[in-house]
Amino acid sequence: MDSRRDHGGVIFVDLRDRSGLVQVVFSPELSPDAYRTAEQLRSEWVIQVSGTVRRRPPESENPTLPTGLVEVFADEVTVLNAALTPPFYIEDDVKADEALRLRYRYLDLRRPKMQRNLILRHQVVKYIRDFLDARGFLEIETPILIKSTPEGARDYLVPSRLQRGSFYALPQSPQQLKQLLMVSGVERYFQIARCFRDEDLRADRQPEFTQLDLEMSFVEQEDVLQLTEELYTGMVEKLTPDKKLVKPFPRIPYDDVMARYGSDKPDLRFGLEMTDVTDLAGETEFRVFLSTIEQGGIVKGFVAPGQGHYTGSDMRRLEETAREFGAAGMSHVRLQGEGSPSDLVDEHFLLSPGLRMPVEWSRRLAETMGASGGDLIVLMAGPARRVNQWLSSMRDYFGERLGLIDDDTLSFAFVTGFPLFEWDENNNRWDSSHHPFTSPADGKESKLDGDDLGGIESKAYDLICNGSELASGSIRIHRRDLQEKIFGILGYNREQVEERFGHILEAFEYGAPPHGGIAPGIDRLVTILAGAESIRDVIAFPKTQSGTDLLFGSPSPVDAAQLRDLALRIAE
RNA sequence: GGGCCGCUAGCUCAAUUGGGAGAGCACCGUCUUGUCAGGUCGGGGGUUAUGGGUUCGAGCCCCAUGCGGUCCA
């Protein structure tokens, strides 16, 4: 029961199931018994009604309801179960605090929007299974209790009772298992796999999440990308036909995407591309630019079209925004007037303090960056990595603020050619950008013995969409010697390699085929397709940011007896 | 691990300088034969997250804790 409207002589009841609402009418003239029962009904009760479906009187039609032309004229009603008054309204525009919704998740899931999300998620998974089955993939389950081989994130550990003092780990992904399946001759594998990472949560991160994990033997990078693109385009066109898709998906090299957008997962629904102007900045006498360049940093920026009219205080506010994104500072040039840079004169260029440069320099800057009269040029200086982060946040901010983002568009792209390694400043060592099983790009293997490890390209790729990373994959290493060399560069000694990875290295010696794959995240995908705000809205029973389940009250202490079984003691 | 915000009726929120705890919705009851955010009249409902402190007096000030959110490492 959704709601009841009692008019004294006639009672209307909205009956709800997962498909929607229908109005039931109780009249004392048709059935006095049913009418008397209907007087007692309350929201969220579970009832059984029989009656006649009939057309509503013309003046009572409700065009806002899909079933608004008909109603059920009830002659019998049975109360199957009463209900307490729910702690919040069961309606789409819920105002209740999310903690309350999570505490009563079973009520929250009654809301039509949540029901639609669950249904969409089912359809997505169904589509994936059908699609891959039709292409010869086998769905194979892999264990949830596996060996702990921490690579990036922290493992969830499960103590063993039979082997006291030893632990299983929950998989961060079935990476090694699917590679072993390739060695097994499975050729094409997939799994809707639950993955676990014991890390702090974010709005778009959960400690357990679901990935489509897939792997193929005898493939090149483009084979995997093609398959992935077909999967996503087919799925979107079938399940959310109102979404606009850009086809084919662009393939953007990593260096390119970083140069143009300052991020490896830019929102491509809008432009605002960046330009490196370190050379031009070097001509100024602005100390911030000069010292940045001296220290090996860059000066880079983008053009906000039509925003040259900002006032001085607008600019100060904008700089404050930039600082909130972590930026050390921001310079700008406001272009007044109209037309191309060559048409503009001295007083058309409003430079931020510090940038005292002749008009000729401003013209060249505007030309280099593709700005014209009426535009605003935003510039930032610093180490390349930081500048890219800051500018990328500013770019998103302007994309939003200038209304450049179309909610109905899905802008997919593949980012390819990620670096194989990145320098881990905290631990002072090389780390894998993707994971240690990623193959170097063709012809780059010899560079593994050189000094320029950061410049080695890999066969790792991401699928991005609207500013999110949706999938990540690579062509893998399938030779023992190469894999051992990578582990060596990552700083593992011979014993550690043998203890943690001996099993997979050994497997590579028994005829491992070349293979590669990709792992699309299901939660984020459904979030985007559903237009939901948070991944928590597409997961039936999500956890809070501190990793707790407010419905079950987990995690929770356990009995002393359980701890004894596991030979565990809680250290204070 | 750190920063910031929040916690007042079932829900969403208000409460001026430290002075009498409130509103809307929901809920309960009444009346109402075409409503669909039904309408009418009436009613009940509070350990102001928890513990401590300052004060003649604390929702408000101070300290600690808990829970939630959010950002950073």
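So that the names make sense, note that chain A is the first sequence line, chain B the second, and so on, each numbered from 1.
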Does the ring of A:Phe270 carry A:Arg395 above it, NZ/CZ under 6.0 angstrom from centre and within 45° of its axis? yes
Could you check whether A:Arg105 makes a cation-pi contact with A:Phe541, meaning its NZ or CZ is under 6.0 Å from the centre of the six-membered ring and within 45° of the ring axis? no
Length of the CZ-P vector between A:Arg386 and B:C72, whole Å: 11 Å
Return the value, rounded to whole Å, for the distance between atom CZ of A:Phe12 and atom P of B:C36. 9 Å
Can you pull the ring-ring contact (aromatic ring centres under 6.0 Å, His included) pairs that have at least one residue in residues 381-410 of chain A, sequence neighbours excluded? A:Phe302-A:Phe398
Do you see a donor-acceptor pair shorter than 3.5 Å between the side chains of [X] and [Y]?
| X | Y | answer |
| --- | --- | --- |
| A:Ser313 | A:Thr311 | yes |
| A:Ser31 | A:Asp75 | no |
| A:Thr409 | A:Ser411 | no |

Give A:Leu550 one of three labels, base, sugar-phosphate or nothing, depending on what nucleic acid heavy atoms sit under 4.0 Å from its own. sugar-phosphate
Please check if atom CZ in A:Arg54 has more than 12 non-hydrogen atoms from other residues, nucleotides or ligands closer than 6.0 Å. yes
Expected output: side-chain A:Ser432 to main-chain A:His434 donor-acceptor under 3.5 Å: no
Heavy-atom nearest nucleotide on RNA chain B taken for A:Gly8 and for A:Gly68; more 5' hit belongs to A:Gly8
Mapping A:Thr548 and A:Ser27 to their closest nucleotides on RNA chain B, which lands nearer the 5' end? A:Ser27
Taking atom C1' in both B:G22 and B:A64, compute the distance separating them and give it to the nearest angstrom. 30 Å
If the P atom of B:C62 is compared with that of B:G42, how far apart are they to the nearest Å? 43 Å
Close N/O contacts between protein and nucleotides 39-43 of chain B (under 3.5 Å):
none

Relative to each other, are the rings of A:Phe418 and A:Tyr254 parallel, tilted or perpendicular (30° and 60° limits)? tilted
Donor-acceptor pair under 3.5 Å: do we get one between A:Asn62's side chain and the base of B:C36? yes
Hey, does the side-chain of A:Glu61 have a donor or acceptor N/O within less than 3.5 Å of a partner on the base of B:G34? no
Using nucleotides 4-11 of chain B, report all nitrogen or oxygen pairs with the protein that are shorter than 3.5 Å.
from: B:G10; atom 1: O2'; to: A:Pro87; atom 2: O; distance (Å): 3.0
from: B:C11; atom 1: O4'; to: A:Pro87; atom 2: O; distance (Å): 3.2

For RNA chain B, determine which residues of residues 41-57 of chain A have any heavy atom closer than 4.0 angstrom to one of its atoms, and list them numerically. A:Arg42, A:Arg54, A:Arg56, A:Pro57
Think A:Thr85 has a side-chain N or O under 4.0 angstrom from the OP1 or OP2 of B:C27? no
So, OP1 or OP2 of B:G68: does either fall under 4.0 Å of a side-chain N or O from A:Ser546? yes
Is the closest side-chain heavy-atom distance between A:Leu318 and A:Tyr310 below 4.5 Å? yes
From the list A:Leu529, A:Leu470, A:Thr210, side-chain contact (heavy atoms from CB on, under 4.5 Å) with A:Arg524 holds only for A:Leu470
Closest nucleotide among B:G34, B:U33, B:G68 to the A:Glu71 side chain: B:G34
With sequence neighbours excluded, what pairs up with A:Trp45 under the ring pair (Phe, Tyr, Trp, His ring centres under 6.0 Å) test? none
A correct dot-bracket answer for RNA chain B, with pairs being Watson-Crick or G-U at under 3.5 Å, [ ] for crossing pairs and | for inter-strand pairs, is (((((((..((((.....[..)))).(((.((.....)).))).....(((((..]....)))))))))))).
